[in-house]
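Whatever order the structure lists them in is the order used to number ligands and atoms, beginning at 1. Position 1 is the first residue of the sequence, and the numbers go up from there.
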Amino acid sequence: MGKIVVLDDLSINQIAAGEVIERPANVVKELVENSVDAGADKITIEVKKGGKTFIKITDNGKGIEKEDMPLSLERHATSKIKSVEDLENTYTMGFRGEALASIASISNFTMISRTENEELGVKIVAEGGDIVFAEEVPANVGTTIIVENIFFNTPVRYKFLKNDGTEFRYIKEWIEKFAMSHLDVSVKLINDTKTVFTSNGRGNIYDMVYLLYGKDVKENIIKVDYEQEDIKITGVIGTSLIARDTRKDQIVFLNKRNIKNSVLTASSDQAFKGGGTGIGKHGFFILNLDMPASFYDINVHPTKMEVRFKDENKVFKVFYNAIKNAMLTKEFLGNTEVEEKKQAYVEKEYNFMTNHFIKPTSIVPSNKIDTGKSIIEREEKRKVDYKYIGILFRTYIVIEVNGEIYLIDQHAAHERLLYEQIRENYKNNLQNNTQMTLLSEVINLTHKEYEFVKENIELFKKAGFDLEDFGDNSIKINGIPDIEYREKTTARNLFMDTLDEMLTNERSQGKDIEERFIATVACKAAVKANMDLTKQEVDKLIDNLLVLKNPYTCPHGRPTTIKFDKEKFSLEDI
Ligand SMILES: Nc1ncnc2c1ncn2[C@@H]1O[C@H](COP(=O)(O)OP(=O)(O)O)[C@@H](O)[C@H]1O
Ligand SMILES: [Mg+2]
C-alpha cells in the first residue's frame, strides 16, 4: 500500500495555523485587522491569562451576512479579493482567507455578527473547526469573536507559549502599534477585567504620543507631513533631546502596517546626522508611509513585517527628505524659514550626503557632485531683532526676542557654526582652505597616533589641515582649517585634541568617520563654556547662526538655544 495520503481539512487548517498563529497576540492581530477591514472605528479587545484562555474582540464594523457566517470559517474564504490579479491593488489588511479557519481549528470559537440589513444577528460556535451550534440571536451591528482555550487540541504548540505576563505583553505591544497607525480607530484593551489601554480615535498624533510616551516626549516631537513622488509620509519625529540609545522607538508603518526595512533605517540615519541625534544615538520617529501597493512586495510570509521596495532609491530619498524637512521647520529665535528655500537646501544636502557620506551601495544613486553653491548662503539671512541682555554663568548668552527670552549655549552654537564651515570645506573639497601657521611645527606622535593620521590623512586634508608625513612617527603641521576661531588656537592643540578624541572614541569608526571627524574638529575649535565673550563677539555669533539652515543643535545633538516663554517667569506661582 502506498504511503501518500491526502490530509483532512482539520489537519490542513492546523498546519496553516502553525504558520500564522504562533501565540495569542497573533490571534488578536488577525481579528483586529479583520475588524478594520470591516470598517470598524471602535474595537474592544478583552483577554484573560495572556490570551491563553480567553480573547474577545468586539467591533462596530459592517458585520457578516447570515449565509457567509459558516463560509468565513472555511479555508481560503475571503470577501476581499476575487483572484490573484487583485493583489496589486489590495489595501485591506488580510486577503488570504486563512485566519478565521486557522484560529477556529485550534480553539473553541464563537462568532456573533449582524449587518445593518438584518433584524437579528447570527451566532455560531465551533470546536476545533467543527461548527457545533448556529442560531439567530439579538445583537448590535458589528462582529464579536471569542476565542477560548487556544491550542487545546495541539498540546505541543501550547507548550511553546510563554507565561501569561509575557504573552500579554506581546498583545499590548501589538495593540499600541496598531493604535499609533490607526489614530481614527478607538481601541480599548482589557486584561483580566482591568482596562489597560484606551485610545480616543480622534486622529490626533500628539494625544497618542502623550498616551504612550508621556509629556516630555510629547513636547519634543515635530510633526511630519510630506509628499513626494506618490509617497506620502505622516507622523512625528523627535528632536535630539529625546534621541535614544536603541532603535526601539523608530517605528514605521507602510500603509498602516508595521514594518521593518533596512533602506528606511539607513535613510533615517542619514537624515538625522549632523545634530538630529547625538553621535551614536538613534532618532525617535513614528512615521507612516502611504504609497500604491504596486511600489512594493509584502507578505512573503503572513506574520513577517518585511517588505521589498521596487525602487529603493526613491523610497530612500523621499523618507530622507521627509525627516530632514521636518527637522528644519522648527522655529529659531522666533523666526521660521520659507518653505521653498528649505526644500532646495534639503535637496542639496541630499546630493552631498549621497556623494560623500555613504559608501557606494546598491541603494544610493551616484549623482554628480554638487560643487556649485556653498551650504552657508549669507544672502538668505533671517531677520531677527533681538535685545542683548548679557551672559549667564559665563556660558549662556541671554537675548530677548518678541517678548520671549532665549538662552544661547555659546559652545554649542559656535560648534554648530564651525561644523558648517568645515563641512563646507569638505563638501567643496577645498583642500587649500587652510590657514598657514607662521611656523610649521613638527609633532612627535605615538605609533598608534601616527598610524591613524597616515591612514586618515585625506580626512585631515579635506577638512583643511595641511599636514606632511615627516617620518619616524612624526607629522609636520603647516596649516589648520580656515574657520572662525575666537582667538589664536595653536595648531598643535587643535590637531592633538582632534586626534585624541578620534582615537578615544574609535568604536563607531567605519561608516561614520567623516561625520565624526568634522564634528570633532568643530568641537575642539569652538569657544568653551567659561570663556568671556564681548558684545561684538556675541553679535557676530548670532549673526552667523542666523544664516545657517540648521542652527538648532550642535553636531552632537545638544540644543544651541532654549526658549523661555513669558509665562515661565510669572511670579504668581511662587
Ligand atoms: N470582524 C469582521 N467583520 C466583518 N467581516 C469579517 C470579520 N472577520 C472576518 N470577516 C469576514 O470573514 C472573511 C474571512 O476572514 P479571514 O479568515 O481573516 O480572511 P481574510 O481577512 O484574509 O479575508 C473575511 O474576508 C470577511 O469577509
Ligand atoms: Mg483576515
Heteroatom distance test ([X], ligand 1): nitrogen or oxygen, under 3.5 angstrom:
X: D59; result: yes
X: L31; result: no
X: E30; result: no
X: A38; result: no

Ligand 1 versus T143: contacting region, heavy-atom distance under 4.0 Å:
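T143 to ligand 1: side-chain contact only, backbone stays beyond 4.0 Å.
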Where do F253 and I286 come nearest, in terms of heavy atoms and distance?
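Scanning both residues, the minimum pair turns out to be CE1-CG2, 4.0 Å.
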Which pair of non-hydrogen atoms, one from S113 and one from T143, has the smallest distance, and what is that distance?
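It is OG-OG1, 2.9 Å.
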E98 heavy atoms, cut-off 4.0 Å: which ligand 1 atoms fall inside?
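Counting from 1, the qualifying ligand atoms are 17 (O), 19 (O).
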Enumerate the atoms of ligand 1 whose separation from the nearest heavy atom of S72 is less than 4.0 angstrom.
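Selected atoms, number and element: 12 (O).
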Under 4.0 Å, counting heavy atoms only: does G63 come that close to any atom of ligand 1?
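G63 counts as a contact of ligand 1 under the 4.0 Å cut-off.
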Is the terminal nitrogen or CZ of K310 (NZ for Lys, CZ for Arg) located under 6.0 angstrom from the six-membered ring centre of F295 and within 45° of that ring's axis?
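Here K310 fails the 6.0 Å and 45° test against F295.
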So, [X] and [Y], do they make that salt bridge, N to O below 4.0 Å?
X: D192; Y: K48; answer: no
X: K177; Y: E173; answer: no
X: D164; Y: K52; answer: yes

Which option wins on minimum heavy-atom distance to atom 6 (C) of ligand 1: D37, T58, I64, N34?
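The option holding the nearest heavy atom is I64.
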Partner residues of F284 under the ring-ring contact (aromatic ring centres under 6.0 Å, His included) criterion, sequence neighbours left out:
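Checked F284 against ring-ring contact (aromatic ring centres under 6.0 Å, His included); matches are Y213.
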